[in-house]
Protein chains: 2
Amino acid sequence: MNKKVSLKDIAKRAQVSIATVSYVLTKGENSGIGYEVSEKVKKIAAELNYRPNQIAQSLRSGKSYIIGLIVADISNPFFANIARIIEDEAKKHNYTVVFGSSDENATKSSDLINLLVNRQVDGFIIAPTEGSQEQIINLKKQNIPFVLIDRHFPEIESNYVTINNYKAAFDVTNRLLDTGNSDIGLIAYSSDLHHMKERIRGYSEALEAKGIKVDNNRIKKVAFSNLIEDVYIKVRELLSAPKPVTAIFFTTNTLAIHGLKTIDKLNLKVPNDISVVVFDAAEAFDFYYCPITHIKQPLLKIGKQAIDILVNQINTPEKKYSKLNLKAILVEKDSCK
Amino acid sequence: MNKKVSLKDIAKRAQVSIATVSYVLTKGENSGIGYEVSEKVKKIAAELNYRPNQIAQSLRSGKSYIIGLIVADISNPFFANIARIIEDEAKKHNYTVVFGSSDENATKSSDLINLLVNRQVDGFIIAPTEGSQEQIINLKKQNIPFVLIDRHFPEIESNYVTINNYKAAFDVTNRLLDTGNSDIGLIAYSSDLHHMKERIRGYSEALEAKGIKVDNNRIKKVAFSNLIEDVYIKVRELLSAPKPVTAIFFTTNTLAIHGLKTIDKLNLKVPNDISVVVFDAAEAFDFYYCPITHIKQPLLKIGKQAIDILVNQINTPEKKYSKLNLKAILVEKDSCK
DNA sequence: ATATTTTACTTAAACGTTTAAGTAGTGAGT
DNA sequence: ACTCACTACTTAAACGTTTAAGTAAAATAT
C-alpha cells in the first residue's frame with residue numbers, strides 16, 4: 001500500500017521541520033526560509049508528488065471550500081443547466097460544489113442538508129421544496145450562509161435569487177390573450193410554493209385585467225409524484241369540458257412535455273386546435289413540430305449572482321440579505337394563435 | 001457568530017472527558033460508559049444539536065467517504081442519468097458523490113482529478129476522455145481505486161464497466177441491413193477512444209458479414225468541439241454523394257439529435273427517405289415524429305456495478321481487476337425501412 | 001566590543017475526532 | 001485479607017495542516 005505523501009515525509013527527507021516545509025510550500029517568495037533549503041524542499045515535494053491534504057487544511061482552517069447545492073429535480077434540464085453554471089462559477093472562486101436532488105421531497109431535502117452540514121460545507125445554494133421551511137430556518141439558526149434560488153419563502157427573510165414569476169406569467173398569459181384566446185387553462189404543480197402561486201397570480205390578473213373572470217376549474221394542479229398520469233387527466237379535462245379551453249399555459253417545462261404528449265395523443269394540433277405557452281424551455285421542444293412560445297430565465301445570471309452573494313456572505317458574514325428578482329424574457333414562437 | 005458544537009462542548013457541560021462523550025455517541029449499547037452518564041451526554045448532545053464533524057472524522061480515519069465521479073459530458077442525458085444512478089447507489093453504501101464534467105477535454109479531466117485527489121476522495125468513477133491515459137496510470141500508481149465506465153483503455157489494466165459496443169453496433173447495423181438498406185453511413189466522433197472504434201468495427205463487420213465492402217467515405221467523423229456544424233456538413237455529404245446512403249447509424253444520441261435536425265432541414269422524412277438508428281436514446285426523441293430504433297444501455301446495472309466494484313476495492317484493496325462487458329439491447333422502433 | 005536587529009529556522013499548539021492504554025474503584029473468589 | 005477481574009471512566013496520541021511564539025546564530029549598529 002502506497003501511503004500518501006505528507007509534509008512530514010518531505011520534512012524527514014529534507015532534514016528540516018514540518019513547519020519549514022509548510023512555510024516553503026505555502027508562502028511564496030518571503031517564506032522567511034533561505035534559498036537553498038527552499039529549493040531543496042520544493043524539489044523533494046515535486047519528486048514525491050506531494051498533494052496537500054485538503055481535509056487537514058479544512059480542519060485547521062474551519063473552511064471546507066465546499067458549497068452544497070440542492071436542486072429540486074436534477075432530471076429537469078432547467079436545474080441540470082443551473083447546476084452546471086453554478087459549478088463553473090463556484091470553481092472561479094475556488095469552491096467545489098457537492099450537490100443532490102431533493103426530488104421535491106422535504107425529507108430527502110432534509111437528509112441532504114444534514115449530510116452536507118456534517119461535511120462542513122461553507123454554504124448552500126438551495127431550490128427549496130415545499131415544506132422545507134424549517135430546514136431553512138435551521139440553517140439561519142446555525143448561521144450557515146445560504147442563497148435560495150428559483151423559489152423562496154416570503155415569510156422567511158433570506159438571500160434569494162429568483163425571477164419575477166408574477167410578471168413573466170402575466171406577460172405570457174397576455175400573449176395568449178392578444179392572439180385571441182380567452183379560454184385559457186393552466187397546468188401547475190399542486191404546491192404551496194410561492195413561485196407557483198405567483199405564476200398562477202400572474203395568469204389570473206392578466207385575465208382580470210382584460211375583464212375575464214377567472215374560472216378555478218381551469219386552474220389544474222398535478223402531483224409531482226404522479227406527474228405523467230395527472231397531466232394526462234388534467235389536460236383532457238380542460239379540453240373536454242362543456243366549454244373547452246383554446247389555450248393552455250404550462251407552468252413548467254416538465255408539465256409541458258407530458259402535456260404536449262397528451263395533446264398529441266388526443267390528435268390535436270398546435271397551434272390550430274390549441275395554443276400553448278410554457279414556463280422554461282426544454283431540448284425536447286426542438287423536435288416538436290411547432291416551435292413553442294416560452295419564458296426564458298436568465299440562468300447564467302441566476303447562477304452567477306447566487307454564487308456571488310453566497311461567497312460574499314461566507315467571507316464577510318453580515319445581517320443584510322440580498323433579494324434578487326430578475327427579469328425573465330418571453331420568447332415568442334409559433335404555438336399561440 | 002455561532003461556533004459549531006463539538007465533543008468538547010458536550011464534555012464540558014456534562015463534566016466528563018471528551019473521550020467519554022465520543023464513546024457514548026459512537027458505540028451504542030456497550031460503550032462501556034454507565035447508564036446515567038450516557039443518558040446525560042446524549043441529552044446534552046441533542047440539546048446542543050451536535051453534528052459530528054466529518055472533516056475531523058475523515059482526517060482521523062483516513063477515509064473521506066467521498067467518491068469522485070467524472071463524466072465526459074454532463075449535458076448528455078446518458079451521463080446525467082448515470083450520474084444520478086451512481087449518486088443513489090453510492091448513498092446506499094454511505095458515500096457522497098462529488099462530480100464534474102470533463103467535457104471530453106483531457107486538461108479539464110486532469111484538473112478535476114487533481115482537485116478531487118486533494119480532497120482525499122476514496123475512489124473514482126470515470127468516463128475517461130481521449131488522451132487521459134496518463135491520468136489513469138497516475139491513479140494506479142497512487143493506488144487510488146477507480147472504475148472506468150462507458151469507455152476504457154484496452155492497453156491499461158483496470159476495473160471497468162462498459163457494454164459490448166462491438167456487438168451492439170453489429171446488431172444495429174444488421175437491423176438496417178435486414179430492412180433492406182445496403183448503403184449505410186455512419187456518424188461518429190473523431191476520437192481514438194476504444195468504444196468508438198468498437199462501434200465502428202461492429203458496423204464494418206456487419207457489412208462485411210453480408211459481403212458488402214466498407215466504404216470509408218461513409219464513415220464520417222465529427223469534432224466534439226464543433227459538433228453542430230460538423231454533423232450538418234457530414235450528414236449532407238452522406239446524402240449528397242454520387243451514391244447517397246439510404247440509412248445512417250448515429251453512434252451517440254447527441255450526434256443523432258443534430259443529425260435529425262439536419263435531416264429535417266433537408267426536408268427528408270424518416271424512415272421513407274432515410275432510415276436511422278442511434279446509439280442511446282434521448283428524451284427529445286419522444287417528440288420526433290418517427291420513433292427511433294436505438295441501442296439501450298443498462299444504465300442502472302452499469303451504475304450499480306461500478307459502485308459495487310469501487311466500494312469493494314476501497315474496502316479490500318486487491319490486485320484483481322473487474323472487467324465487465326454488459327449487454328445492451330436493441331429497441332426496435334419505426335425508423336428503419 | 002557590545003547591544004540590537006534580522007534571518008532562518010524549530011517548537012508546540014490547535015482544529016475535532018477516535019481509540020489504545022492507563023487508572024481508580026468496586027465486587028467476587030479464595 | 002488479598003488477589004483478580006470488572007466497570008467506568010480519563011489520558012494521551014494520532015490524523016496533516018497552519019502559524020504564533022520561541023531560539024540561536026549572523027549581521028548590523030553604536
Side-chain angles (χ1 to χ4, degrees), chain A residues 1-42 44-45 48-66 117-122 142, chain B residues 1-42 44-45 48-66 117-122 142:
Chain A
M1 273 306 280
N2 249 340
K3 269 283 285 120
K4 289 209 172 137
V5 179
S6 71
L7 291 182
K8 204 191 219 171
D9 302 316
I10 300 175
K12 206 177 294 171
R13 281 235 211 171
Q15 314 222 64
V16 295
S17 73
I18 294 176
T20 303
V21 179
S22 176
Y23 281 119
V24 170
L25 263 26
T26 56
K27 325 284 182 200
E29 289 295 284
N30 322 58
S31 61
I33 309 295
Y35 179 79
E36 298 213 344
V37 175
S38 289
E39 289 305 305
K40 186 177 176 190
V41 166
K42 281 186 206 157
I44 294 175
L48 298 182
N49 190 29
Y50 168 73
R51 312 264 137 187
N53 182 329
Q54 274 202 44
I55 292 206
Q57 289 178 324
S58 291
L59 180 59
R60 161 78 208 205
S61 67
K63 294 198 63 184
S64 63
Y65 279 95
I66 293 182
V117 168
N118 291 357
R119 290 222 182 267
Q120 313 295 119
V121 298
D122 291 337
Q142 298 178 255
Chain B
M1 269 308 280
N2 250 338
K3 269 283 290 123
K4 290 210 171 137
V5 179
S6 72
L7 292 181
K8 204 193 222 171
D9 302 316
I10 301 175
K12 205 177 296 170
R13 280 238 209 171
Q15 314 220 64
V16 295
S17 74
I18 295 177
T20 303
V21 179
S22 177
Y23 280 120
V24 170
L25 263 26
T26 56
K27 324 286 180 199
E29 289 296 284
N30 322 57
S31 61
I33 308 294
Y35 178 79
E36 299 212 346
V37 175
S38 289
E39 288 305 304
K40 188 177 174 191
V41 166
K42 280 186 207 158
I44 294 175
L48 298 183
N49 190 30
Y50 168 72
R51 311 265 137 187
N53 181 330
Q54 274 202 44
I55 293 207
Q57 289 178 326
S58 291
L59 180 60
R60 161 77 209 207
S61 67
K63 295 197 63 181
S64 64
Y65 279 96
I66 293 182
V117 167
N118 290 358
R119 290 223 183 265
Q120 312 295 120
V121 298
D122 291 338
Q142 298 178 256

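Lettering of chains follows the sequences in order, A, B, ..., and the numbering in each one begins at 1.
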Quiz: residues 17-26 of chain A side-chain donor-acceptor pairs under 3.5 angstrom, not counting sequence neighbours:
from  : atom 1 : to    : atom 2 : distance (Å)
A:S17 : OG     : A:A19 : N      : 3.4
A:S17 : OG     : A:T20 : N      : 3.2
A:S17 : OG     : A:T20 : OG1    : 3.0
A:T26 : OG1    : A:S22 : O      : 2.7

B:K27 NZ - D:dC9 C1' separation (whole Å): 15 Å
Partner residues of A:K42 under the salt bridge (Lys or Arg N to Asp or Glu O under 4.0 Å) criterion, sequence neighbours left out: A:E39
Tell me, please, which residues at least two apart from B:S38 pass side chain to side chain donor-acceptor pair (under 3.5 Å). none
For a 4.0 angstrom threshold against heavy atoms of chain A, report the outermost contacting nucleotides of DNA chain C in 5' to 3' order. C:dA8 to C:dG16
Return the residues of residues 48-58 of chain B meeting this criterion: a heavy atom under 4.0 Å from some atom of DNA chain C. Order them by number, or give none. B:Y50, B:R51, B:P52, B:N53, B:A56, B:Q57
What I'd like to find out is whether the side chain of A:Q57 reaches to under 4.5 Å of the side chain of A:P52, using heavy atoms alone. yes
Per the salt bridge (charged side-chain N to carboxylate O under 4.0 Å, His left out) rule, what does the pair list look like for residues 23-38 of chain A, sequence neighbours excluded? none
A:I55 side, atom CD1; B:Q54 side, atom CD - distance, nearest 0.5 Å: 9.5 Å
Taken in chain and number order and not counting sequence neighbours, the residues that satisfy ring-ring contact (aromatic ring centres under 6.0 Å, His included) with B:Y65 are B:Y95
Would you sort out whether A:I66 and A:R119 count as a side chain to side chain contact (heavy atoms under 4.5 Å, CB included), showing the intermediate values? CA-CA 9 Å; A:I66 293 182; A:R119 290 222 182 267; 5.8 Å; no
Please work out if B:G34 contacts a base, only the sugar-phosphate, or nothing of the nucleic acid, heavy-atom cut-off 4.0 Å. sugar-phosphate
What are the residues of residues 15-24 of chain A, sorted by number, that bring a heavy atom to within less than 4.0 Å of DNA chain C? A:V16, A:S17, A:A19, A:T20, A:Y23
Can you sort out the partners of A:R13 under side chain to side chain contact (heavy atoms under 4.5 Å, CB included), two or more places apart, ordered by chain and number? A:I44, A:E47, A:L48
Could I get a table of every N or O pair under 3.5 Å where one atom is in the protein and the other is in nucleotides 22-27 of chain D?
none

Taking for each residue the nucleotide of DNA chain D bearing the nearest heavy atom, is the 5' side occupied by B:E36 or by B:L59? B:E36
Can you name the residues that form a side chain to side chain donor-acceptor pair (under 3.5 Å) with A:S64, not counting sequence neighbours? A:D122
Closer to the 5' end of DNA chain D via nearest nucleotide, is it A:V5 or B:Y35? B:Y35
Considering every strand and a 4.0 Å limit on heavy-atom distances, what is the contact class for A:S61: base, sugar-phosphate, or nothing? nothing
If the helix axis at each end comes from five base pairs, how far does the helix from C:dA1-D:dT30 to C:dT30-D:dA1 deviate from straight, to 10°? 60°
Side-chain heavy-atom pair B:N53, B:K4 within 4.5 angstrom cut-off: no
